[in-house]
Amino acid sequence: MRMREGYAPTLREVPAEAEVVSHQLSLRAGLIRRSAAGIYTYLPLGFRVLQKIKRIIREELDRVGCQELMLPIVQPAELWHQSGRWEAYGDEMFRVKDRHGRFFSLGPTHEEIITHLVKADVKSYRQLPLTLYQIQNKYRDEIRPRFGVIRGREFIMKDAYSFDRDEASLDVTYKKMYQAYERIFARCGLNTRAVEADTGAIGGSSSHEFMVLADVGEAVVVFCEACDFAANVEKAAAVPTPWPESRSQEMRQIETPGVRTIEELTAFLSVEPQRMIKTLLYLADDRPVAALVRGDRDVNEVKLARVLGVEEVRLADETTIETLTGAPVGFAGPVGLPENVHIVADLEIEGAIDAVTGANRADAHFVHVDWERDFRAHQVADIRTVTAGDQCPKCGEQLRQATGIEVGQVFKLGTKYSSVFEAHFLDEDGKEKPYVMGCYGIGVSRTMAAIIEQHHDEHGICWPPSVAPYHAVIIPIRPQDEEHMRTAEQLYEQLWASGIETVLDDREERPGVKFNDADLIGYPVRITIGPKSLAEGCVELKWRRTGETETIGIEDVVQHVLMKLDIGESISNP
RNA sequence: CGGGGCGUGGCGCAGCUUGGUCAGCGCGCCUGUUUUGGGAACAGGAGGUCGUGAGUUCGAAUCUCACCGCCCCGACCA
C-alpha cells in the first residue's frame, strides 16, 4: 500500500471517547471508528489485522479437521422458542420483525440453528464426530458496552460446534479444540491462561476460558502459583475455613438502631465480620431463598443458582424482604425465618458457634447464635466467591487473583440442545441417541484489542508480525528526490514479491511525521531510505519492538527482513 | 435501570456563572514560499443550523423544560 493512495487516518490526539489503551490506540492508529455505542467500523488497517487473526484461526481449526460454514445472522424465533431461550436471553437479544409480523433474532450465538441444521443431515454414527465453525458478526445488546471493541454489541466471533456419539468422543474433540486454541493464541502473540470456567446460562458440563491477563479485564480469575490450578472466580471452588473458636452462650437479642451493614455492625459491636452470618434473600424462580455466608464473604450467585438447580437467582426487592422477614432491609437472619424460605448455608457457616445475625426485626440483631441449636439450613454448600488469599482447592497454597480479558471459551454442552431439538443419530447398536455436543468461541475483534493491550508502548502499538496489518514500512526521507523514490519503489516491489507486506510512505511529509505514524501504527520493521546511508548503498532498519537499528546493503534487505521477521506461516500466498 | 460527566468545524478544547462585535483557540485540511533524519516556519484560505425541539426575551452557544446521543462508575452483599 502506498500511503498516498491509502486510507490510514491517524490521530494526534486521543479522542475523548476512549479510556483504555487498546481503545485509544485503535482509534489513533486508524484501526476503528465508532458508529454507535458498542458498534464499530473497521478501517482498512484494522480489517487487515482481523483478517490475519481469522487466517490463523482457520489454519489451526482446519488442521484439526474442522470445517467452516456460514450460518444466518437473522434467525427465526421458533428455534429460540423451542430451546426456551427466546425468553431466557432477555433484553440482550436483538429482535427484529419482518413485514408479516414474524419475529427473528439477530444471532447472539448459534447453537439452535446449527443443531437444527445438522439434525436433518447427520443420521448415523458413521458421520460423527463432526465439528463445524464459522466466523461472523454476533449481536448482543449488552447492558453496558465498554472499552471499545472489547465489549461491543456487534462483534466478530468465531464459533464452532462439535457433534460426537458419546462423552468419551466429546472428550477427545474437546481436548483437540483446547490445544488448537492454545496454538491460535500463541500464534497471535498472546500470553493466555486457560482457566476453569462456569458453564453459566448456556448450560453444559465443563468449560475453560482463555484469559489474557490485563488491567482492563472484566473477568476475575484466581490462580495458584504452586500448582497449575486456575479458574474464573465464578467457578472456583472455595475451601472453607473453620469457624473462629468460641464458647457457646445463650442467644440474646440486642438493640442495634440503624445498624444495617456488616461494616456498621463491626464498628457497633466490636465483633469481627468473620463471626457474623450475612443473610441474603433471593428469589429462585420466585421461590424465596436465604443464602448464609460469613460476614466478610460474598455470595456467588452463579454457585447459588447451580446448588438450587435453577437458571438464575436474583436478589429479592425491598418489599419482598420486608414481607418475608418482617423487618426492613438490613436485619435479616436465619433465626425464625418463615417455613417457606429455603435456607442455604455456605460450608463455612456449618457448625457456627457464638455468631451474630440479624433478628428479622427492625433495629435488632441476635448475638451468641449457634448452628443447629438456634437455626438450621435446608442445604449446606459452597456458595461463596473465592478471593485472593484463599487456599488453593488443589494443593492448599494461597490463591492469587487477577483480571483478564476472555478471548476464548471452550465448552462441553452435552445433550442440552440435541435433546430439545430431538437431534438424534443411529448408533452402532441400532439405538437412536442425541448428539453429544460441544461449542467453542473466540472473540476475534476482542482478540485484536487484547493483542494491543499486551503489545504497546508509549509511542503506539508493537504488533507481533503474525497479526500486524503490514510487516514493514518504507520511509523515504526525501520523497521528491528521484533516486530515493526509485530505490524505495524497487525495494517495495521486491519486498512484496517475497511475501513481505509493505507500506510505502510516499507522502510529502517531514520525516518526523512519518516516524511517529510508523510507531503509532506499529509496523514490526521500518526501513528508512535517507541520504546518509543511501550514498553507501545502504538503508536503515529499525525494529519496532526492540528499538534495534541496523544498516543493511540494499541488495540484502529482503533476505534479512525475511529471516528476522520470522513470519513463516503468516506470509500471504494464495 | 441508578449515579456522575459530556455534547461548540475532522480531532482536542475555551466561551455559558453575569444573555448583546463570541462564534473563538490549538491541531488537522487547502494554496504559496522557505524548509526537510523524530509531529517545521511564515503568509493567505476553506470549513460550524453551538446535539434536537419547544419556551423565556427586543435579542439565546449562554437562561428554562423536554427529548436524543456519547463516556465513566454502579446495579442492590443487607
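In what follows, chains carry the letters A, B, and so on, assigned in the order in which the sequence lines appear, proteins first and then strands, with residues in each chain numbered from 1. Side-chain atoms are counted along with the backbone in the values below, which use heavy atoms only and exclude waters and symmetry mates.
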Below 3.5 Å is the cut-off: list the nitrogen or oxygen pairs between protein and nucleotides 25-28 of chain B, distance only.
residue: B:G26; atom: N2; partner: A:Glu13; partner atom: OE1; Å: 2.8
residue: B:C27; atom: O3'; partner: A:Arg12; partner atom: NH1; Å: 3.3
residue: B:G28; atom: OP1; partner: A:Arg12; partner atom: NH1; Å: 3.4
residue: B:G28; atom: OP1; partner: A:Arg12; partner atom: NH2; Å: 3.2

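- No more than 12 heavy atoms of other residues, nucleotides or ligands lie within 6.0 Å of CG in A:Asp91, so this atom counts as exposed by the packing criterion.
- If you measure from atom CZ of A:Arg151 to atom P of B:C71, you get 14 Å, rounded to the nearest angstrom.
- Contacts of residues 350-364 of chain A with RNA chain B (heavy atom under 4.0 Å): none.
- Taking only side-chain atoms of A:Ala16, from C-beta outward, the nucleotide of B:G12, B:G37, B:C77 with the closest atom is B:G12.
- Between B:C70, B:C77, B:G37, one nucleotide has an atom nearer to the side chain of A:Ala37 than all others, and that is B:C70.
- Of all the residues in residues 271-280 of chain A, A:Lys278, A:Thr279, A:Leu280 reach under 4.0 Å from RNA chain B with at least one non-hydrogen atom.
- For the side chain to side chain contact (heavy atoms under 4.5 Å, CB included) with A:Ile474, the qualifying choice from A:Thr487, A:Val525, A:Leu495, A:Val503 is A:Leu495, the only one to do so.
- At a non-hydrogen distance threshold of 4.0 Å, A:Ile477, A:Arg478, A:Gln480 from residues 476-495 of chain A come into contact with RNA chain B.
- Closest to the side chain of A:Val299, out of B:G37, B:C77, B:C71, is B:C77.
- The stretch residues 326-339 of chain A touches RNA chain B through A:Val329, A:Gly330, each having a heavy atom within less than 4.0 Å of the strand.
- The side chain of A:Asn516 approaches B:G39 more closely than any other nucleotide in the set B:A75, B:G39, B:C70.
- Remark: the separation of the C1' atoms in B:C68 and B:G51 is 7 Å, to the nearest Å.
- Nucleotides B:C11 and B:C16, compared at atom C1', are 23 Å apart to the nearest Å.
- Between A:Ser105 and A:Tyr139, the closest side-chain pair of non-hydrogen atoms is not below 4.5 Å.
- The cationic group of A:Arg48 lies under 6.0 Å from the six-membered ring centre of A:Tyr470 and within 45° of the ring axis, placing it in a cation-pi geometry.
- Atom pair A:Leu27:CG and B:G10:P shows a separation of 16 Å (rounding to whole Å applied).
- Side-chain contact annotation: A:Gln401 with A:Thr387, donor-acceptor N/O pair under 3.5 Å absent.
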Step-by-step side-chain hydrogen bond (donor to acceptor under 3.5 Å, both in side chains) determination, A:Arg544 to A:His459: CA-CA 10 Å; A:Arg544 179 68 179 88; A:His459 301 295; over 6 Å; no
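- With sequence neighbours left out, the salt bridge (Lys or Arg N to Asp or Glu O under 4.0 Å) criterion links A:Arg146 to A:Glu218.
- Between the C1' atom of B:U35 and the CZ atom of A:Arg510 lies a distance of 6 Å, rounded to the nearest Å.
- For A:Arg33 and B:G10, a side-chain-to-base donor-acceptor distance below 3.5 Å is absent, hydrogens and geometry of angles not being considered.
- The side chain of A:Phe147 sits closest to B:C72 out of B:C72, B:A75, B:G38.
- Counting atom types as modelled, A:Lys542 pairs no side-chain N or O with a base atom of B:G37 as donor and acceptor under 3.5 Å.
- Two residues, A:Arg297 and A:Ser533, neighbour RNA chain B, and the one matched to the more 5' nucleotide by heavy-atom proximity is A:Ser533.
- Checked against B:C71, B:C77, B:G74, the side chain of A:Arg146 finds its nearest nucleotide in B:G74.
- When the P atom is compared between B:G53 and B:U34, the two are found 49 Å apart, to the nearest whole Å.
- B:G39 atom P lies 15 Å from atom CG of A:Asp505, rounded to whole Å.
- Scanning residues 372-393 of chain A for heavy-atom distances under 4.0 Å to RNA chain B yields an empty list.
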I'd like a table of donor-acceptor pairs (distance under 3.5 Å, sequence neighbours excluded) in which one partner is a side-chain atom from residues 509-517 of chain A, with atom names and distances.
residue: A:Lys514; atom: NZ; partner: A:Pro476; partner atom: O; Å: 3.4
residue: A:Lys514; atom: NZ; partner: A:Asp505; partner atom: O; Å: 3.0
residue: A:Lys514; atom: NZ; partner: A:Arg507; partner atom: O; Å: 2.8
residue: A:Asn516; atom: ND2; partner: A:Gly512; partner atom: O; Å: 3.0
residue: A:Asp517; atom: OD1; partner: A:Thr10; partner atom: OG1; Å: 2.9
residue: A:Asp517; atom: OD2; partner: A:Thr10; partner atom: OG1; Å: 3.4
residue: A:Asp517; atom: OD2; partner: A:Arg507; partner atom: NH1; Å: 3.2
residue: A:Asp517; atom: OD2; partner: A:Arg507; partner atom: NH2; Å: 3.1

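- Side-chain polar atoms of A:Thr241 and A:Arg294 form a donor-acceptor pair below 3.5 angstrom.
- Under a 3.5 Å cut-off, the side chain of A:Arg151 and the backbone N or O of A:Arg144 do not form any donor-acceptor pair.
- Here, B:G45 and B:G4 have their P atoms 47 Å apart, quoted to the whole Å.
- More than 12 heavy atoms of other residues, nucleotides or ligands shown are found within 6.0 angstrom of CZ on A:Arg95.
- Of the listed nucleotides (B:G37, B:C71, B:G38), B:G37 has the atom at the smallest distance from the side chain of A:Thr528.
- To the nearest angstrom, P of B:G74 lies 7 Å from CZ of A:Arg144.
- With respect to A:Arg478 and A:Asp481, no salt bridge is recorded, no charged nitrogen being found less than 4.0 Å from a carboxylate O.
- As rounded to the nearest Å, B:G9 and B:G47 have C1' atoms that lie 6 Å from one another.
- Rounded to whole Å, the separation between the C1' atoms of B:G10 and B:U18 comes to 34 Å.
- Residues A:Pro145 and A:Val14 both approach RNA chain B. Their nearest nucleotides, taken by heavy-atom distance, put A:Val14 toward the 5′ side.
- With both ends at atom C1', the span from B:A75 to B:C50 equals 35 Å, rounded to whole Å.
- Atoms CD1 (A:Ile529) and P (B:G38) sit 17 Å apart, rounded to a whole Å.
- A salt bridge is defined here as a Lys NZ or Arg NE, NH1 or NH2 lying under 4.0 Å from an Asp or Glu carboxylate O, and A:Arg376 with A:Glu339 fails to meet this definition.
- Every residue two or more places apart in sequence or in another chain that forms a salt bridge (Lys or Arg N to Asp or Glu O under 4.0 Å) with A:Glu255 is listed here: A:Arg361.
- Judged as a ring-ring contact (aromatic ring centres under 6.0 Å, His included), the pairs with a partner in residues 348-370 of chain A (not counting sequence neighbours) are, in order, A:Phe331-A:His365.
- Remark: A:Lys303 does not engage A:Asp346 in a salt bridge, criterion side-chain N to carboxylate O under 4.0 Å.
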Canonical and wobble pairing (Watson-Crick, G-U, under 3.5 Å) of RNA chain B, dot-bracket with |: ((((((((.[[[[.)....(...]]]].((((((.....)))))).....[[[[[..)....]]]]])))))))....
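- A:Thr549 has its side chain out of reach of A:Glu540: every pair of non-hydrogen atoms, C-beta onward, lies at least 4.5 Å apart.
- Counting only residues at least two apart or on different chains, no ring-ring contact (aromatic ring centres under 6.0 Å, His included) pair has a member in residues 276-325 of chain A.
- In this structure, CD of A:Glu19 is placed 11 Å from C1' of B:G5, rounded to the nearest angstrom.
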